[in-house]
Structures are given as structure tokens and as C-alpha cells.
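Numbered from 1 within each chain, the chains take letters A, B, ... in sequence-line order.
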There are 2 protein chains.
Amino acid sequence: MDLQADDFYSALSHPMRLRALLLLKQEGELCVCELTHALALAQPVISRHLGQLKEAGLLLSRRQGLWVYYRVSDSLPEWVTQVIQTTIAGVSTTSPYQDDRQALHAMLDRPNQTCC
Amino acid sequence: MDLQADDFYSALSHPMRLRALLLLKQEGELCVCELTHALALAQPVISRHLGQLKEAGLLLSRRQGLWVYYRVSDSLPEWVTQVIQTTIAGVSTTSPYQDDRQALHAMLDRPNQTCC
DNA sequence: AATATATATTCTAAAAACTATATATATAGA
DNA sequence: TCTATATATATAGTTTTTAGAATATATATT
């Protein structure tokens with residue numbers, strides 16, 4: 001929407017919010033429990049930071065049954081999308097971002113309507 | 001150099017540091033008094049934030065006489081440079097970034113070896 | 001050496017961000 | 001309705017960040 005540059009940058013000022021955003025941009029929709037697993041952090045911490053990213057307008061969410069899926073908004077300003085993509089291109093193969101994806105993929109029983 | 005993504009983003013988490021970085025990238029070298037004028041903030045505040053940006057590795061500085069000139073480092077990771085340029089392309093004509101440049105250009109007696 | 005100017009730093013208090021824990025809400029299933 | 005699970009929120013305490021004022025440092029000039 002009318003996402004301001006300073007809101008964008010302060011939304012990403014916490015390492016975990018940056019990790020979550022990059023992971024979501026690369027993986028598409030993820031539920032809270034997947035993020036909790038991938039980032040290895042407590043659920044309330046994850047939920048609160050996701051809430052901040054959503055509040056900033058960077059994320060959208062939808063509930064499906066017990067699970068809430070978050071994804072990167074598809075109506076971001078073009079420059080924001082480019083900045084995110086450029087950041088991914090620059091750092092996605094480094095720690096901790098690469099590890100986050102590996103942890104996600106190593107997760108068993110990812111909720112495909114199944115469980116968490 | 002080994003500027004980490006989370007250090008980059010937290011360095012820019014303060015609105016004034018973002019304004020200073022974008023202004024410096026667009027204008028080249030600026031001394032503290034020019035930034036103080038353009039951003040309309042107290043000198044110690046400016047100096048402290050510039051110190052943080054320098055500490056993070058985003059800025060370099062050199063002293064010339066009484067003045068200290070800051071500039072964006074020329075040895076940043078490529079993705080960082082791109083992110084900064086993309087941000088400028090996206091927001092430089094909006095407030096407050098446009099106003100900062102105007103205030104700078106409206107400044108009289110800018111130090112061309114002169115004064116401040 | 002004394003003075004003036006530009007910049008940096010220190011100190012203190014206030015504000016903001018963050019974590020952990022506990023609790024609340026929403027949904028599904030028995 | 002009762003129970004279980006996933007997620008969200010509230011509360012309290014701690015840490016971090018920030019601004020403002022005062023002071024220190026560096027340099028140039030006289």
C-alpha cells in the first residue's frame with residue numbers, strides 16, 4: 001500500500017523478522033508452526049514478530065482450520081519487492097538464511113492438511 | 001566487507017540514518033554541518049548516528065581541516081549497493097528524502113573550503 | 001599561547017523494543 | 001459439550017535505544 005521506506009527498514013531491523021521475511025519470500029506460504037520450527041524460536045515470539053510484519057503491510061495471512069498461513073504481500077511497492085529479491089540473491093546461501101531453509105525442509109509432517 | 005544483512009538492516013532502522021544514507025549516496029561527500037542543516041537536527045545527534053553508520057561499515061569519513069566529510073563506502077557488498085540504489089529510485093522524490101536534498105541545496109555558504 | 005569553530009563523546013534520563021510466561025481465542029474432533 | 005491443538009495476546013520485567021545537555025577534542029587563526 002503506502003508502505004514508507006522507514007517503516008520498511010524498521011520492520012526488518014530485528015534479525016528474526018528479516019529471517020522470516022526472506023524465508024517466506026523464498027518458500028511461499030508458511031504456517032506459524034513451520035516458521036517456529038525453521039527459525040527455532042518460541043511460538044509467541046514468532047507470532048508477535050509476524051504480527052509486526054503484517055502490521056507494517058509486508059505480510060498477509062489467512063486461516064485454514066487450525067493453521068494460520070503467512071505470505072509476503074503481493075501488492076508491495078515495486079522497489080520493496082526488488083529490495084527483498086536483491087537481498088535474497090545476496091545472502092540466501094549464507095548463514096542463518098540457508099540454515100533456516102534447510103531446517104524447514106528437514107521438518108517432518110509439515111502441514112499439508114495434516115498436522116504440525 | 002563482511003557486512004551482514006541483519007547489521008545492514010538494523011543500521012537503517014532509525015529514520016534519520018536512512019535519510020542520511022540516501023542523501024550521502026545521492027550527493028556524494030557531505031560534512032557534518034551540511035547534514036545537520038539538511039536534516040535539521042542537532043549536531044550531537046547527527047554525529048552519533050553517523051558514527052553508527054560508520055561503525056556498521058556503511059560510511060567512511062575523512063577530516064579536512066575543521067570539517068569531517070562522510071561518504072558511502074565504495075567497498076560494500078554488491079547486493080547492498082543495489083538495495084540502496086533501488087531504495088533511492090523508489091523513494092527519492094517523496095518526503096522527507098526530497099526535502100532533505102532541497103534543504104541541502106538551499107543551504108548558503110556550503111563549505112567549499114569556505115566555512116559552515 | 002589564546003581563541004574560535006567543527007565535530008565527537010560522555011552522562012543521565014526517558015522511551016522503546018524485546019523476552020518469557022501465562023492466558024486467551026479459534027477451530028476441530030470426540 | 002468437552003478436549004486438544006494452533007495461534008494470538010496480555011502482563012511484567014529487562015535490555016536497548018535514543019535525545020539533550022554538557023564537555024572534550026581537533027584544528028585553524030590570531
Side-chain angles (χ1 to χ4, degrees), chain A residues 6-21 24 29-56 58-71 104 107-116, chain B residues 6-21 24 29-56 58-71 104 107-116:
Chain A
D6 58 344
D7 293 328
F8 170 72
Y9 280 100
S10 50
L12 296 186
S13 67
H14 193 290
M16 188 243 258
R17 290 196 294 268
L18 179 60
R19 290 166 68 195
L21 184 78
L24 283 165
E29 272 191 334
L30 295 174
C31 73
V32 175
C33 63
E34 290 175 307
L35 286 159
T36 301
H37 184 98
L39 306 181
L41 290 163
Q43 176 267 317
V45 174
I46 298 278
S47 282
R48 189 164 24 75
H49 285 292
L50 290 174
Q52 291 179 244
L53 289 169
K54 185 179 175 183
E55 171 88 13
L58 286 164
L59 298 186
L60 299 174
S61 67
R62 73 183 170 90
R63 175 178 281 273
Q64 178 176 327
L66 289 177
W67 296 277
V68 175
Y69 287 88
Y70 283 87
R71 66 185 185 282
L104 177 68
M107 180 182 178
L108 301 178
D109 294 331
R110 290 178 61 189
N112 313 310
Q113 332 307 359
T114 327
C115 113
C116 208
Chain B
D6 58 344
D7 292 327
F8 171 72
Y9 280 101
S10 51
L12 295 186
S13 67
H14 192 289
M16 193 251 249
R17 290 195 294 268
L18 179 61
R19 289 166 69 194
L21 184 78
L24 283 164
E29 272 191 334
L30 295 174
C31 73
V32 176
C33 62
E34 289 174 307
L35 287 159
T36 301
H37 184 99
L39 305 180
L41 290 162
Q43 175 266 317
V45 174
I46 299 277
S47 282
R48 187 160 23 76
H49 285 292
L50 290 174
Q52 291 178 244
L53 290 169
K54 185 179 176 183
E55 172 88 13
L58 286 165
L59 298 185
L60 300 175
S61 67
R62 72 181 170 91
R63 176 179 281 274
Q64 177 176 329
L66 290 177
W67 297 276
V68 175
Y69 286 88
Y70 284 87
R71 65 183 185 281
L104 176 67
M107 179 182 178
L108 300 179
D109 293 331
R110 289 179 61 189
N112 313 310
Q113 333 307 358
T114 327
C115 113
C116 208

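- The separation between I46(A) atom CD1 and dC18(C) atom P is 14 Å, rounded to whole Å.
- Residues passing the side-chain hydrogen bond (donor to acceptor under 3.5 Å, both in side chains) test with S47(A), sequence neighbours excluded: Q43(A).
- Here dA17(C) presents its P atom at 14 Å from CG of L53(A), a figure rounded to the nearest Å.
- Rounded to whole angstrom, the span from the CG atom of D6(B) across to the C1' atom of dT16(D) amounts to 16 Å.
- R63(B) pairs by the salt bridge (charged side-chain N to carboxylate O under 4.0 Å, His left out) definition with nothing, not counting sequence neighbours.
- If you take CH2 of W67(B) and P of dA8(C), they are 14 Å apart, rounded to a whole angstrom.
- Remark: E29(B) pairs with R62(B), R71(B) by the salt bridge (charged side-chain N to carboxylate O under 4.0 Å, His left out) rule, at least two apart or across chains.
- Residues meeting the salt bridge (charged side-chain N to carboxylate O under 4.0 Å, His left out) test with R19(A), sequence neighbours left out: D100(A).
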Inset, instruction - Could you encode protein contacts along nucleotides 19-30 of chain D as a string, one character per nucleotide from 5' to 3', using B for base contact, S for sugar-phosphate-only contact and - for no contact, with a heavy-atom cut-off of under 4.0 Å? - result: B-BB---BBS--

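- Here F8(B) pairs with W79(B) under the ring pair (Phe, Tyr, Trp, His ring centres under 6.0 Å) rule; sequence neighbours left out.
- Y70(A) and L59(A) make their closest contact through CD2-CD1, 4.1 Å (heavy atoms, listed as atom of the first residue, atom of the second, distance).
- Rounded to an integer number of Å, the gap from Q52(B) CD to dT10(C) P is 14 Å.
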